[in-house]
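Only one structure is covered here, and it is reproduced in the block below.
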Amino acid sequence: MITTRLSLAGFHTFNARDGYEGLARLKEVVPAAMVLDINMPRLDGFGVLKGMKALGIAVPTLVLTARNQSSDVQEALKLGASDFLAKPFQDQQLLARVGRLVRRPVARPAATQLLPARPPATII
């Protein structure tokens, strides 16, 4: 559902079935942002964040999960997550949070220049 919603909003998405597959994809694809669940098979979201840190992979990450204890939020942020959103959520919340993660400052063009269209961000 999340991948579909982001795709409909114009984001180019990839997905992973578990944390190990997610880490492997991060070695192949450099996404503008990542949406990560804590509850995943084989390697949970905390393990993915630890693995990213160990590998030196820095991707703005939104942790999106049903686990919303303050200790979960603190742990995710301590491990490098950029944001945290608890389920259930509204589509607009997801799109706004992901939009913030992928927003990049764009230099102002001269009056006669046109900016090329930016491709949609990649979300894994």
Side-chain angles (χ1 to χ4, degrees):
M1 176 187 103
I2 293 167
T3 302
T4 300
R5 184 63 189 106
L6 290 169
S7 294
L8 289 172
F11 294 101
H12 183 68
T13 62
F14 294 91
N15 65 339
R17 290 180 295 249
D18 61 48
Y20 287 115
E21 186 178 321
L23 280 176
R25 294 297 302 262
L26 285 171
K27 293 176 186 175
E28 303 164 359
V29 178
V30 181
M34 180 171 66
V35 177
L36 178 66
D37 196 344
I38 292 175
N39 298 320
M40 293 187 298
R42 297 195 324 140
L43 181 65
D44 68 10
F46 294 133
V48 171
L49 289 169
K50 289 175 187 172
M52 289 170 59
K53 191 177 267 191
L55 294 169
I57 298 171
V59 174
T61 302
L62 168 65
V63 172
L64 177 65
T65 185
R67 292 174 56 166
N68 63 355
Q69 300 295 317
S70 62
S71 60
D72 293 326
V73 176
Q74 290 172 356
E75 182 70 9
L77 295 175
K78 182 179 99 180
L79 291 172
S82 307
D83 200 356
F84 194 99
L85 181 60
K87 295 176 186 175
F89 60 90
Q90 295 181 5
D91 283 350
Q92 290 305 320
Q93 289 175 299
L94 172 66
L95 296 177
R97 302 276 182 102
V98 169
R100 271 196 309 242
L101 290 179
V102 299
R103 194 172 301 135
R104 296 181 204 134
V106 176
R108 291 186 174 261
T112 58
Q113 291 178 326
L114 295 176
L115 281 178
R118 256 180 35 199
T122 301
I123 308 295
I124 188 168

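We count residues from 1, following the sequence as given.
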side-chain contact (heavy atoms from CB on, under 4.5 Å) partner of Leu36, the single match among Val59, Leu49, Leu64, Thr65: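 Single side-chain contact (heavy atoms from CB on, under 4.5 Å) partner of Leu36 among Val59, Leu49, Leu64, Thr65: Leu49.
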ILVMFWY cluster, Val98 and Met1 together (side-chain gap under 4.5 Å): yes
Which heavy atom of [X] sits nearest a heavy atom of [Y], and at what distance?
X	Y	value
Leu101	Ala33	CB-CB, 3.8 Å
Val48	Leu23	O-CD2, 3.7 Å
Lys78	Lys53	O-NZ, 3.4 Å
Phe84	Ala76	CD1-CB, 3.9 Å
Gln93	Gln90	OE1-N, 2.7 Å

To the nearest 0.5 Å, tell me how far [X] [atom1] sits from [Y] [atom2].
X	Y	atom1	atom2	value
Lys50	Leu55	NZ	CG	14.0 Å
Gln69	Gln74	CD	CD	11.0 Å
Leu79	Met52	CG	CE	10.5 Å
Leu6	Phe14	CG	CZ	13.0 Å

Non-neighbouring partners of Asp72 that pass side-chain hydrogen bond (donor to acceptor under 3.5 Å, both in side chains), sequence neighbours left out: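 Checked Asp72 against side-chain hydrogen bond (donor to acceptor under 3.5 Å, both in side chains); matches are Arg67.
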Those residues that, when tested against Asp18, pass side-chain hydrogen bond (donor to acceptor under 3.5 Å, both in side chains) (two or more places apart): Arg42
Taking C-beta and beyond as the side chain, do [X] and [Y] meet within less than 4.5 Å on heavy atoms?
X	Y	value
Asp37	Lys87	yes
Pro31	Thr13	no
Leu94	Leu62	yes

Any donor-acceptor N/O pair, Ser82 side chain to Thr61 backbone, under 3.5 Å: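 Yes, Ser82 side chain to Thr61 backbone: donor-acceptor pair under 3.5 Å.
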Glu28, CD: over 12 other non-hydrogen atoms inside 6.0 angstrom: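 Count over threshold, so yes.
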For Ala9, all residues meeting side-chain contact (heavy atoms from CB on, under 4.5 Å), sequence neighbours excluded: Arg5, Phe11, Leu95
